[in-house]
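All heavy atoms count here, side chains included; hydrogens, waters and symmetry mates do not.
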Amino acid sequence: MKQLFQSSRFILRVIISVFFGHSLSAANMNEMNHGPFASWTIRGATTTYKGIAIRIGDDSQATVCFDTDLLRMSAGWTGGFLKWYSERDGLERHPSIDGPVSFFNEAGPGWSITESFEDPRRIPYGPLPDSWAHYRGLFLHENRVVLSYSVGSCGILELPDFVVIQKEPVFTRTFNLEASSHPLFLRLFNIVGPDPKIFAARGVRGTHIIRFQSDAVNRILGCDGMPSGAEWEILEGHLCLSIPASSEARRFQIYLSDEPTGIIRNLINQMNKRIESTSVPDLSLFCKGGPSRWKSDLKTRSISGNDTEALAVDTLTHPEKNPWNSWMRFGGLDFLSADRAVLCSISGDVWLVSGMAPDSPELSWKRFATGLYQPLGVKVVDGAIYVLGRDQITRFHDYNNDGEADYYENFNNDSMVSENFHEFTLNLETDRDGNFYYTKGAPWPPDGDPDKVPELIKTPHAGILFQLPPDGSELRTYATGLRGPNGLAIGPDGQIVYSDNEGHWLPTCTLQLVRRGGFHGMKPTAFTVQEPTEFEQPICWIPHNVDNSPADPIWVTNSDWGPLHGKMLLSSYGKSNLSLVLTEEVDGAVQGGIINLPLRFQSGLVRTRFNPFDGHLYVCGMRVWQSTGARYGAFHRIRYTGRPLNLPIALNAEKNGMRLTFTCRLDPDIASDPQSYRIEQWNYRWTDRYGSPHYSVKNPEEKGQDEVWVHSVELSQDHRSV
């Protein structure tokens, strides 16, 4: 229904969709200093779905990629770091290795407690079973990255690094192993070529240096502190190190080099000298916090909005130009205190912002964490920062209180990641019991062929609303059939709503109320034995011209917000605006419509949060594609000033018509005139095509809308409803 309402006090465009009854460029990413590591799906000799590319060497001369699903070092290379591509500002095509590869490991477990490395997973996505191995997180100390994980019952710390010996590049891996009641088997690299051989070389003080030879490649390996009884083995096409069980903790370091072009013995001698002059470090010393990496805060301004309006919009500017070329495109927001907020950027950074008081003209921005995989959700729980990335939920620890994260703890990484760029992992919310919720998008066929949609569903984790208990121990499916769920909220009474975006099996954008076990329309992500024939009806369908890409809904819980208290707002990524949602319940079904508010923001909105300390609404967002937003990132505060809103505030469907209730008195002559109103109706079709045209209600096979004649208008005695 479209209605143009005029009075002597205002002109307002109202757009309502009602259910009756049950009815970037690559340059920005390549120029950005991502920090000591960057997490992403990384293409190379093999694809690493949850990869951490770690810069190594005193001058970052080399990089290794660690697979957090399989605990394998999937590749090591020299030269560059990662190469991002221009498609959809660096988000559609996954980055690739940028440099010559020195070694790699095929897809499969990087560790085992038996001599078999056969993948125990049913499909090649998601982490290994916890009984086999588990990634715990990583520690930062200066530019060192220490990986923490377990294999069987054995806890392990690993430090990857790079040195130059006799002008030859050498990759190193330092291990600290806890006592282990079972043996361990470590995969080092894939053997290229037939007929591999291992030749012993001279070793000293517990070292073990060998030459590895095959038809395709020759290498020199050394091990300082070789565990007692450990042996080099060739298993399933890889060079491996078998390590016996031990009642004591062990530390050792492996050196890996291509066979040098010069005299081999010189490299062996120099490697021995280096091993003799150094000791295998205790990696726990690097797990307690280190010097600040990002130094001082960056200062920006807070620009106040127009206080003569009912809703004043303040602009909280951010340091778009910064020393690290960090591309700030915000996807998550929450609050640590009345003065301090935390925001995440889809480019990989997490920022702390202080100076949040409305009367403070200056803001301070601190780079808190880096290298995350497309973070699109932030939640603060009991003072701890949780950030949702595509690969995991990370819980951060700042051991020395310098405003920079020292430990990136893996709170949960059970979610599966596949190749398809459109499976964005979005939102992060908690309910009154402390359970976490987030959503995962469904794949997108690049050629637009709907017949290929089922082929793109690689994992059972596409198009899902997930729930996690407060300890993060178990990933549960809460609802299915989602497509592009770029918004999620949990209401004051525990209601869960989310917004979805038009696409295959979704005729147009929607606002959805969720019940446990519900199916929301996208058939390929139903994951049922029988194809569903119906789906959860949304609160409202949103016409494309009203909002082509909705984001976060949010309830107004602050009683100081006058007539908006208790109402729901809906942010828009596509239109860069905010809407008021009006709902009612009829026969147990929640239905309603939305009204665009006369507000515009600098970027497409993504996340909304009421600050529990000052009661104002804060919004943040970005522009990646298909948004009216002018800037790549934006951060705003919305204040209710107490001035008149002049808005419809309630919508009700009745047997003989519609009732609209307003916040103000209406002009009787205009409000009572049927010519002041225009109503249209139409249907959508639920098909596998992208979106749906409008179809006539009177003639269902015809496209278009039907105009509905307004026979009469009745104005209430208080002149506030029609």
Open item on the list: For a side chain to side chain donor-acceptor pair (under 3.5 Å) check, start with the C-alpha distance between Ser74 and Asn105, then their side-chain angles and the critical distance, and finish with the verdict.
Closed with: CA-CA 5 Å; Ser74 60; Asn105 282 289; over 6 Å; no
Open item on the list: One pair to check against side chain to side chain donor-acceptor pair (under 3.5 Å): Lys299 and Ser364. What are the steps and the verdict?
Closed with: CA-CA 5 Å; Lys299 306 296 183 181; Ser364 293; 2.6 Å; yes
Task: Glu168 and Asp258: CA distance, side-chain angles, deciding distance, side chain to side chain contact (heavy atoms under 4.5 Å, CB included) verdict - done: CA-CA 8 Å; Glu168 297 293 339; Asp258 291 339; over 6 Å; no
Task: Stepwise salt bridge (Lys or Arg N to Asp or Glu O under 4.0 Å) check, Lys458 with Glu423 - done: CA-CA 11 Å; Lys458 303 291 186 182; Glu423 291 183 31; over 6 Å; no
TODO: Decide side chain to side chain donor-acceptor pair (under 3.5 Å) for Asn413 and Asn410; before the verdict, give the C-alpha distance in whole Å, the side-chain angles of both, and the deciding distance to 0.1 Å.
DONE: CA-CA 7 Å; Asn413 70 338; Asn410 169 27; 3.3 Å; yes
TODO: Tell me, with the steps shown, if Ile198 and Leu239 meet side chain to side chain contact (heavy atoms under 4.5 Å, CB included).
DONE: CA-CA 9 Å; Ile198 298 174; Leu239 181 68; 3.7 Å; yes
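Annotation: the span from Leu138 atom CG to Cys287 atom SG amounts to 10.0 Å, rounded to 0.5 Å. Atoms CG and NE2, on Leu82 and His94 in that order, are 12.5 Å from each other to the nearest 0.5 Å. Note that the CD atom of Glu231 and the CZ atom of Phe185 stand 9.5 Å from one another [nearest 0.5 Å]. To the nearest 0.5 Å, the span separating CG on Leu186 from CZ on Arg173 amounts to 5.0 Å. The NZ atom of Lys321 lies 15.0 Å from the OG atom of Ser326; values are rounded to the nearest 0.5 Å. Within the model, atoms CG of Asp161 and CG of Asp58 stand 7.0 Å from one another, a figure rounded to the nearest 0.5 Å.
A donor-acceptor contact under 3.5 angstrom links the side chains of Thr174 and Gln253, judged on distance only. A donor atom on one side chain and an acceptor atom on the other are not found under 3.5 Å apart for Tyr135 and Ser150. Using a 3.5 Å distance cut-off with no hydrogens or angles, the side chains of Thr394 and Gln392 do pair a donor with an acceptor. Between Ser96 and Tyr85, the side chains place a donor N or O and an acceptor N or O closer than 3.5 Å (distance only, hydrogens not considered).
Not counting sequence neighbours, the partners of Asn190 by the side-chain hydrogen bond (donor to acceptor under 3.5 Å, both in side chains) test are Glu106.
Counting only heavy atoms from C-beta outward, the side chains of Met328 and Leu343 never approach each other to under 4.5 Å. With a 4.5 Å cut-off on side-chain heavy atoms, Arg367 and Leu298 do not count as touching. You'll find the side chain of Ile254 stays beyond 4.5 Å of the side chain of Thr172, heavy atoms only. Using a 4.5 Å heavy-atom cutoff, the side chains of Ile165 and Val163 are in contact. Considering only heavy atoms from C-beta on, Tyr438 comes within 4.5 Å of Thr425 through its side chain. Side-chain atoms of Arg293 and Glu142, non-hydrogen and from C-beta on, never get closer than 4.5 Å to each other.
Ring geometry for Phe286 against His141 counts as tilted: the plane angle lies between 30° and 60°, on a 0 to 90° scale. Ring geometry for Phe212 against Phe189 counts as perpendicular: the plane angle is over 60°, on a 0 to 90° scale with 30° as the lower cut. Using a 30° and 60° split on the angle between ring planes, Phe421 and Phe424 fall in the perpendicular class, above 60°.
Around CZ of Arg340, the count of heavy atoms belonging to other residues, nucleotides or ligands within 6.0 Å does not exceed 12. Applying the 6.0 Å contact sphere to CG of Asp471 captures more than 12 heavy atoms from other residues, nucleotides or ligands.
Listed by first then second residue, pairs satisfying ring-ring contact (aromatic ring centres under 6.0 Å, His included) with a partner in residues 45-77 read Tyr49-Tyr125, Phe66-Tyr149, not counting sequence neighbours. Evaluation of the ring-ring contact (aromatic ring centres under 6.0 Å, His included) test over residues 157-180, restricted to residues two or more places apart or in two chains, returns Phe103-Phe171, Trp111-Phe175, Phe162-Phe171, Phe175-Phe252. For residues 66-80, every residue pair satisfying the salt bridge (Lys or Arg N to Asp or Glu O under 4.0 Å) rule, not counting sequence neighbours, is listed here: Lys50-Asp69, Asp67-Arg72. Evaluation of the salt bridge (Lys or Arg N to Asp or Glu O under 4.0 Å) test over residues 405-415, restricted to residues two or more places apart or in two chains, returns Arg395-Glu409.
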Please output the side-chain donor-acceptor pairs of residues 113-120 that fall under 3.5 Å, not counting sequence neighbours, one pair per line with the distance.
residue, atom, partner, partner atom, Å
Thr114, OG1, Ser112, OG, 3.4
Thr114, OG1, Ser116, N, 3.2
Ser116, OG, Glu118, N, 3.2
Asp119, OD1, Arg121, N, 3.0
Asp119, OD1, Arg121, NE, 3.0
Asp119, OD2, Arg121, NE, 3.2
Asp119, OD2, Arg121, NH2, 2.8

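Annotation: Tyr408 is not in aromatic contact with His397 [ring centroid separation under 6.0 Å not met]. Ring centroids of His34 and Trp84 are separated by less than 6.0 Å, placing the two rings close together. You'll find the ring centres of Phe411 and Tyr386 inside the 6.0 Å limit.
Under 4.0 Å is where a charged nitrogen must lie from a carboxylate oxygen, and between Glu404 and Lys366 at least one such pair does.
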